[in-house]
Amino acid sequence: MATSLSAAPVQPNKLAEEIIDTLVHRIGKDQKAARPHDWLAATILTVRNDIVEKWMDSTRDAHAKGAKRVYYLSLEFLIGRLLRDALSNLRQTRDVAAALETLGVDLAQIEEIEPDAALGNGGLGRLAACFMESLASLDLPAYGYGIRYVNGMFRQRIDDGFQVELPENWLQYGNPWEFERRESKYFIGFGGEVVGTETGHVHWKAGEGVEAVAVDTPMVGWRGKRVNTLRLWTARSLDPLQLDRFNAGDFEGALQGQTRADTLVRVLYPNDSTAAGQELRLRQEYFFSSASIQDIVRRHLQYDGDIRTLPTKAAIQLNDTHPAVAVAELMRLLVDHHDLGFDEAWDITRATFGYTNHTLLPEALESWPLPLFERLLPRHMQLVYAINAKLLREAKAKGADEAAIKAISLIDEGGERRVRMANLAFAGSHSVNGVAALHTDLMKQTVFRDLHALYPERINNKTNGITPRRWLQEANPGLASLIEEAIGPGFRDDAAELAKLDAHADDDAFQQKFAAVKRANKVALTQYLRAEMGLRLDPDAMFDVQIKRIHEYKRQLLNIIETVALYDQIRSHPEREWVPRVKLFAGKAASSYVNAKLIIKLAGDVARRINADPAIGGLLKVAFVPNYNVSLAEKIIPAANLSEQISTAGMEASGTGNMKFALNGALTIGTLDGANVEIRDHVGEDNIVIFGMTADEVAQARADGYRPRDIIDRSPELGQALSAIASGVFSPDDPDRYKGLIGGLYDTDHFMLAADFDAYAAAQREVDRRWHDAAQWNATAIRNVARVGWFSSDRTIAEYAKDIWGVL
Ligand code: 26V
């Protein structure tokens, strides 16, 4: 095992020579002709050499020890840029920067042109990326398995305030991080039929198929301790060129096989798109699940020889239900290919899988129309029925009543019959975990109530975390240096050591330095936004930030409505001491999500009006920053003063942005939802601003018959803001634009904005009061940094490793 505790001794000159050598011999450019992208590729390829050696060490080490491996199956990995992360983790940033400088190249500049690997929608995908980094940092042998989308998450452009989706062409300059493993390929079948053989075995004769080919990316852990593999599957046609058709002049038809294969790995579906290509999504899920399971079984047999010991050497974690079909796939391989009896295969399967649930929203729980599932995966359908029979017999034996049986069943019989992937994942796993304490409690009470009664030991909590390498050290080097100055470098290896910072929270000199770092980050962001979108911001204003997927349950609309109310207040009471605020929004809306897109437009409309109004004297500025992604988050979060985490209680499973902001010294204004609850417990009530209904109160209000109109009638501030928006004050070009959106609040208000509005507005004024006392504000911000070390993904992964995977 490579355990280089200090930076590798690299000499700038030798390194510079290596980079030039790579530039010439691998990229085929000389120093004069090289353009920034060539320098980027040459730098990555050079740094990669070192990584590859550590990578091989890591692989050999796991093999030699006969170690149990962790497999993280996820349809999303939002890894963002890799160069800065790899250099920082290898402790080579300074050496490489110096080497490049001798060549007249600015490292920071080429880091900025690396495309984001945007292979995810949001929190679930970024969590997978933080987990991969922590797995390597904790020296745990692990593989991430997913899809190599040619176009990941769409690129967002804002045209006249409206979101426009463009394909993200992240591979256009090639990808120097990846290694195609042409020998690691598997047949993936679809359709066809199940046939019996004379020996009584069944066999699936697929009607069509493609080949999955592995493409590997190294995942570098902190201090280069370990390098793990992110294995993403690409698709190849088994018949890429039908020569007979080509020769007959049908050139396009001849290539149809590869076109179909390409389609499989083309795009990442927005997870909250309802009109998604349903069948293609199921094909993607099976494609990558099957390839991954085949690869895991192949590796196990190669090292161990006995399929029965699989659970002692492999722990497979399902990131949500997207890979849940892997449960049926492993059963198929065990029963049909390895001749195990059904019951023994089932025991092995359950001992191998763990399942993480990431949402309770009913509309977000995956289920597939039974005819579609059966047509695409006929053998898996049989196995699902067999698993269901076993499950329901067990439930019956334990006294489950009719209603419980209905809820537990893998088949939803209410209306059009559907296969419930969450129930399949639950049944097929020995561990089912939620991602924050509240979310885990709610899982037990709601979606999995009856399954939980049947298997009371299975559900457990693993509160999410974030990697402090990327989200503190790399995103906010100024703060990291300041922390090191105050408490020494130990926090870089163990985020819990940030607690030592608590002792400095009331130290005036430290507060000044802390404030100076925050201000410098705000200046840097201000300059960036000015260059990118012509925005002019005052770095001394409070930066109030809400950046995340645009979704009604996250309630960006609540924030915008309060902004409108505040605008009114400032105009009506110019004599009061208003806090200058900059309200920043960013986030993508699923392309089919009409209301989310309208909320983006509203943010832009409100911004245009407020920003141009001389009456508020620049006290309030609003901006929607386009194309939210990991790299933009890395710029905005270190500059934030206030973190908006205002979802309807009970709806945000965890949140992870909330943790990133707190770690960077922003105060949270939030509801008691998801991990906000635990953040409050850690930072202390005085260091967070909590408002609004609890999850229990939300449930109670719904049960009692929620009447938003009555609430709006009693809140003049809310009523006036809503009337202004609905009547077209912010949309004179189309006065009715927001009639429907606002009207819905009076009638249904499913996300209970009305119920929480007054409390939210009051909480915002409390934030203003706190801002006026700069020393107190800084002390609070410092305490946030000091007290959120627990939210490191190292802690989360250590818990998974001990409690679920049995590898620590
Ligand atoms: C999917 C859908 C699909 C249909 C419409 C509504 C809807 C809403 C949300 C989702 C997201 C599903 C899974 C997901 O991304 N969950 C996120 O996982 C993060 C990591 O655990 C967690 O921090 C977020 O709170 C959670 O939303």
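Just so you know, ligand 1 is whichever comes first in the structure, and atom 1 is the first atom listed for that ligand.
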Step through it carefully: locate the ring centre of [X], locate the ring centre of [Y], and say whether they are under 6.0 Å apart.
X	Y	result
His322	Phe288	no
Tyr71	Tyr143	yes
Tyr760	Phe691	yes

Legend entry - side-chain hydrogen bond (donor to acceptor under 3.5 Å, both in side chains), paired with His358, selected from Thr321, Asn319, Asp320: Asn319
Inset, instruction - Could you tell me whether some N/O pair between His358 and ligand 1 is separated by less than 3.5 angstrom? - result: yes
Inset, instruction - Give yes or no for whether the N/O distance cutoff of 3.5 Å, strictly under, is met between Asp320 and ligand 1. - result: no
Atom indices of ligand 1 within 4.0 angstrom of [X] heavy atoms, with elements:
X	value
Leu361	8 (C)
Tyr553	27 (O)
Thr359	12 (C)
Gly655	22 (C), 23 (O), 24 (C), 25 (O)
Val435	21 (O)
Glu363	4 (C), 5 (C), 6 (C)
Gly123	19 (C), 20 (C)
Ala653	25 (O)

Inset, instruction - Have a look at ligand 1 and work out which part of Asn464, if any, has a heavy atom under 4.0 Å from it: side chain, backbone, both or neither. - result: side chain
Legend entry - Residue selection (non-hydrogen contact nearest atom 27 (O) of ligand 1) among Glu652, Glu552, Arg549, His439: Glu652
Would you mind checking if [Y] and [X] are paired as a salt bridge, meaning a charged N to carboxylate O distance below 4.0 Å?
X	Y	answer
Asp794	Arg469	yes
Lys406	Glu413	no
Glu562	Arg555	no
Glu644	Lys583	yes

